[in-house]
Amino acid sequence: MVAITLPDGSTRNYPGPVSGADIAMDIGPGLAKAALAVRVEGVMRDLSSVIDGDANVSIVTAKDADALELLRHDAAHVMAEAVQELFPDAQVTFGPATENGFYYDFARATPFTPDDLERIETRMKEIVERNETIVREVWSRERATTFFKDKGEAYKAEWVAELPGDAEISIYRQGDWLDLCRGPHLPSTGKLGKAFKLMKLAGAYWRGDARNAMLQRIYGTCWPDEKALKGYLLQLEEAEKRDHRRLGREMDLFHLQEEAIGSVFWHPNGWILYRAIETYMRRRLEANGYVEVRTPQLVDRSLWEASGHWEKFRENMFTVEVEEDKTLCIKPMNCPCHVQIFRQGIKSYRDLPLRMAEFGSCHRYEPSGALHGLMRVRGFTQDDAHIFCTEDQITSETKAFCDLLMDVYRDFGFTDVRVKFSDRPAKRAGSDDVWDKAERALTDATTAAGLETTLNPGEGAFYGPKLEFVLRDAIGRDWQCGTLQVDFVLPERLNAAYVGEDGEKHRPVMLHRAILGSFERFIGILIESYAGKFPLWLAPVQAVVATIVSEADAYAGQVAERLRAAGIRTAVDTRNEKINLKVREHSLTKVPVMLVVGKREAEQATVAVRRLGGQEQELLALDTAVATLAREAAMPGG
RNA sequence: GCCGAAGUAGCUCAGGGGUAGAGCAACUGAUUCGUAAUCAGUAGGUCCGGAGUUCAAAUCUCCGCUUCGGCACCA
């Protein structure tokens with residue numbers, strides 16, 4: 001007897017082992033038709049898999065959230081089948097489901113073309129129509145190895161060889177095509193449906209290693225139905241409209257050009273935004289016990305040799321040969337310079353923690369393929385600071401930092417922040433004792449700050465563990481902004497010391513930390529996150545006074561003066577144009593507030609206030625409007 | 001850096017071995033108008049750069065640069 005318990009709590013008994021399909025059929029033919037897979041004790045399995053003992057079971061249909069992953073994984077298989085039918089010389093490698101779809105990596109001498117994509121997609125739809133039954137088989141290692149080797153599938157053969165000894169080698173067969181795969185899969189290709197689309201071609205290294213061959217990756221997206229697919233494509237289009245590179249041009253914030261690759265030309269409007277953020281950060285840091293410094297751009301190579309950067313980071317550094325045997329480096333980081341300031345004079349334990357901040361302008365020679373708008377540049381400014389403290393202060397300083405960081409992010413409208421915790425790497429400096437202490441300190445601090453972290457095992461810096469704070473751009477790409485890194489090594493290398501209570505010399509610990517990361521990247525993300533519609537305190541132009549008739553020109557000037565006197569960045573538009581045009585143009589450049597004035601307003605000392613994106617207007621006395629806007633435009637945190 | 005694609009007016013894009021095209025923007029003029037495009041006219045180009053093929057190259061070929069999409073990288 002096998003007792004199967006269903007999600008509703010009911011139990012069905014079977015005389016012997018049953019498959020998921022049997023159970024679904026037993027419950028009803030409708031469900032049997034809709035069934036895609038079965039979840040046994042929470043684990044997703046093939047519908048055909050046999051359950052031979054009592055179990056909690058649920059039937060997975062397209063309505064299930066995790067049916068999507070199944071669907072997408074199948075889409076990858078169907079694509080691979082289509083590709084191999086059309087291009088028999090293409091070798092298969094891997095093809096997983098992704099956040100919005102799937103991809104499959106192929107090895108092939110001649111690259112696929114965009115035209116090929118159309119052919120492949122058409123063939124995929126044919127395979128769905130063939131409704132090939134998907135069958136799972138378990139092969140011996142020898143059989144699998146021989147099979148893939150004979151077929152010329154070198155990558156699959158390599159993978160089989162590397163599967164652990166006790167691993168079951170499962171093969172999924174659909175029609176004449178098969179693939180080595182862990183599964184689970186749908187019962188047949190027809191269940192996939194046709195709500196998929198091949199999106200783009202890309203290169204990708206075999207097993208993600210740049211030393212390996214480059215494969216050809218085809219990305220696709222896949223959804224349960226046509227409506228969801230359309231919705232996704234529409235969402236992509238919308239996201240494209242908030243691309244910071246596009247908005248940067250439309251709103252006249254900045255530009256990039258060939259003669260200064262990877263460096264930003266900030267236009268007046270963009271620079272207002274930049275400075276507003278800098279002012280805000282400076283106030284925040286001052287309120288949190290930081291001191292601000294400024295250190296040199298050009299620093300002799302010897303300091304970088306001493307810090308270890310010359311050895312580890314040289315390829316990313318711009319250098320200048322000034323005279324024979326003298327190399328200056330354009331600083332890629334601020335830390336060694338901050339240690340130099342720390343080292344001036346004798347520091348006592350009473351001076352700690354010393355929080356030294358700099359809006360540090362740095363340059364790094366980033367690989368050409370990595371450059372991306374404001375997000376990845378070669379010249380940037382960090383909201384950098386180094387906290388010199390004792391080991392005992394790591395937890396409290398980290399906690400204080402996390403609180404500050406979350407406060408700042410909240411002020412910029414970010415509440416969904418991912419925090420990654422990177423612990424000790426294989427190659428590292430410092431004793432295990434010290435690492436234990438540092439990792440525990442970070443863990444305690446994040447817990448105290450109420451942050452959930454995901455572990456990035458072995459990804460810490462060689463000099464200490466770190467926290468990374470990740471924000472997401474308009475099209476779902478993640479960018480690291482904030483960071484906190486514990487460093488035991490640099491104080492040692494650059495000989496930073498303080499005198500302790502005991503009168504002896506001690507090494508301080510350095511916490512490298514940034515909240516925005518770089519102004520450039522943060523502003524890029526900010527633009528996308530707000531879709532250019534900044535809150536009042538950040539908007540480069542906060543208000544436009546627009547006239548309806550030229551008789552109101554003089555009054556418009558007075559209104560603007562009043563607003564400016566109240567600290568509001570105001571422009572006046574007295575062009576001889578219709579109000580419709582003015583509203584449209586200032587809406588497109590995302591000015592948050594428009595004050596429309598005509599004859600009526602001029603006579604009554606009022607303004608018609610129109611908010612960006614809104615339909616209605618509010619008629620206010622000029623005094624009221626100025627007071628309201630001044631209050632709204634105030635920088636958060638005073 | 002690697003794989004692929006693209007580069008034509010300020011922007012979006014069409015064209016394609018034989019005089020360089022459109023819409024929007026710009027400029028000029030008219031229009032004084034009540035909340036997302038008033039009308040008319042004018043001007044605007046090293047077709048990314050360099051070499052080659054050709055009577056003739058924006059167009060074909062090669063090399064380079066930049067950008068875009070991925071991958072790798074991001075101490």
Side-chain angles (χ1 to χ4, degrees), chain A residues 103 105 108 110-114 116-117 199-219 240 243 245-246 249-250 252 255-262 307-309 311-317 332-333 335 364-373 375-378 422 425 427 459-464 466 468 475 477 479-480 483 485 487 489-490 512 517-518 521 546-553 574-588 594-601 608-619:
Chain A
Y103 66 79
D105 289 344
R108 182 166 180 252
T110 41
F112 296 111
T113 67
D116 292 338
L117 282 196
M199 303 295 282
K200 52 197 175 192
L201 287 162
Y205 298 107
W206 167 236
R207 306 178 85 169
D209 189 329
R211 289 167 300 189
N212 290 339
M214 180 151 279
L215 308 171
Q216 290 176 62
R217 177 170 297 180
I218 303 177
Y219 281 96
E240 213 173 292
D243 189 308
R245 292 165 297 188
R246 175 179 172 147
R249 186 179 57 240
E250 290 173 358
D252 198 15
H255 85 270
L256 300 156
Q257 71 181 51
E258 277 195 37
E259 288 79 1
I261 304 160
S307 71
H309 289 96
E311 188 200 344
K312 292 236 163 214
F313 204 66
R314 177 161 157 49
E315 283 182 358
N316 292 286
M317 290 162 71
M333 296 175 204
C335 19
R364 297 180 190 173
Y365 187 77
E366 300 286 354
S368 57
L371 300 176
H372 181 91
M375 305 296 201
R376 193 77 181 270
V377 285
R378 286 180 176 163
S422 301
K427 268 186 153 181
E459 290 296 310
F462 77 94
Y463 50 71
K466 62 182 179 187
E468 290 176 358
I475 51 176
R477 287 182 289 210
W479 298 95
Q480 184 199 313
T483 182
Q485 306 176 8
D487 185 354
V489 173
L490 206 57
H512 306 242
S518 90
R521 175 177 295 179
T547 52
I548 290 170
V549 290
S550 52
E551 285 168 283
D553 287 2
T574 53
R575 291 175 301 165
N576 178 13
E577 296 289 354
K578 287 188 161 182
I579 194 62
N580 290 290
L581 184 87
K582 295 185 186 183
V583 165
R584 175 179 159 81
E585 286 189 354
H586 301 302
S587 298
L588 288 174
M594 243 177 283
L595 301 124
V596 178
V597 296
K599 231 168 136 181
R600 228 159 45 213
E601 287 78 7
V609 178
R610 181 197 166 98
R611 304 283 177 158
L612 177 59
Q615 301 294 321
E616 52 303 334
Q617 308 107 48
E618 195 182 5
L619 190 67

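Here is the naming used below: chain letters follow the sequence lines, and residue numbers restart at 1 for every chain.
- Between the NE2 atom of H372(A) and the P atom of rA72(B) there is a distance of 16 Å, given to the nearest Å.
- Separating the P atom of rA14(B) from that of rA22(B) is a span of 16 Å, rounded to the nearest Å.
- For rG70(B), its base never sits under 3.5 Å from the side chain of Y205(A) at any donor and acceptor pair.
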Practice problem: Could you walk me through whether F462(A) and K427(A) pass side-chain contact (heavy atoms from CB on, under 4.5 Å), step by step? | Solution: CA-CA 6 Å; F462(A) 77 94; K427(A) 268 186 153 181; 5.8 Å; no
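- Separating the P atom of rU61(B) from that of rA57(B) is a span of 16 Å, rounded to the nearest Å.
- Among rA37(B), rG69(B), rC74(B), the nucleotide with an atom closest to any side-chain atom of R584(A) is rA37(B).
- Comparing the P positions of rA26(B) and rA37(B) gives an interatomic distance of 15 Å, to the nearest angstrom.
- Below the 3.5 angstrom threshold, one finds a donor paired with an acceptor across the side chain of R376(A) and the base of rC73(B).
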Identify the pairs formed between an N or O of the protein and an N or O of nucleotides 28-35 of chain B at a distance under 3.5 Å, and give each distance.
unit_1: rU31(B); atom_1: N3; unit_2: N576(A); atom_2: ND2; d: 3.1
unit_1: rU31(B); atom_1: O4; unit_2: N576(A); atom_2: ND2; d: 2.2
unit_1: rU32(B); atom_1: O2; unit_2: S550(A); atom_2: N; d: 2.9
unit_1: rU32(B); atom_1: N3; unit_2: S550(A); atom_2: OG; d: 3.0
unit_1: rC33(B); atom_1: N4; unit_2: N576(A); atom_2: OD1; d: 2.4
unit_1: rG34(B); atom_1: O6; unit_2: R600(A); atom_2: N; d: 3.4
unit_1: rG34(B); atom_1: N1; unit_2: E601(A); atom_2: OE1; d: 2.9
unit_1: rG34(B); atom_1: N1; unit_2: E601(A); atom_2: OE2; d: 3.2
unit_1: rG34(B); atom_1: N2; unit_2: E601(A); atom_2: OE1; d: 3.4
unit_1: rG34(B); atom_1: N2; unit_2: E601(A); atom_2: OE2; d: 2.3
unit_1: rU35(B); atom_1: O2'; unit_2: R610(A); atom_2: NH1; d: 2.4
unit_1: rU35(B); atom_1: O2'; unit_2: Q617(A); atom_2: NE2; d: 3.3
unit_1: rU35(B); atom_1: O2; unit_2: R610(A); atom_2: NH1; d: 3.4

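- One can place CD of E366(A) at 17 Å from P of rC2(B), the figure rounded to the nearest angstrom.
- Distances shown here put every side-chain N or O of K200(A) at or beyond 4.0 Å from the OP1 or OP2 atom of rG69(B).
- Within the 4.0 Å cut-off from OP1 or OP2 of rC2(B), not a single side-chain nitrogen or oxygen of R211(A) is found.
- Across the C1' atoms, rU8(B) and rG21(B) are found 10 Å apart, a figure rounded to whole Å.
- Nucleotide rU67(B) holds its P atom 6 Å from the CG atom of L371(A), rounded to whole Å.
- One can place CD of Q257(A) at 11 Å from P of rU67(B), the figure rounded to the nearest angstrom.
- Distances were taken from every side-chain heavy atom of E258(A) (C-beta onward) to each of rC65(B), rG70(B), rC73(B); the shortest belongs to rC65(B).
- rG18(B) and rA58(B): their C1' atoms are spaced 13 Å apart (whole Å).
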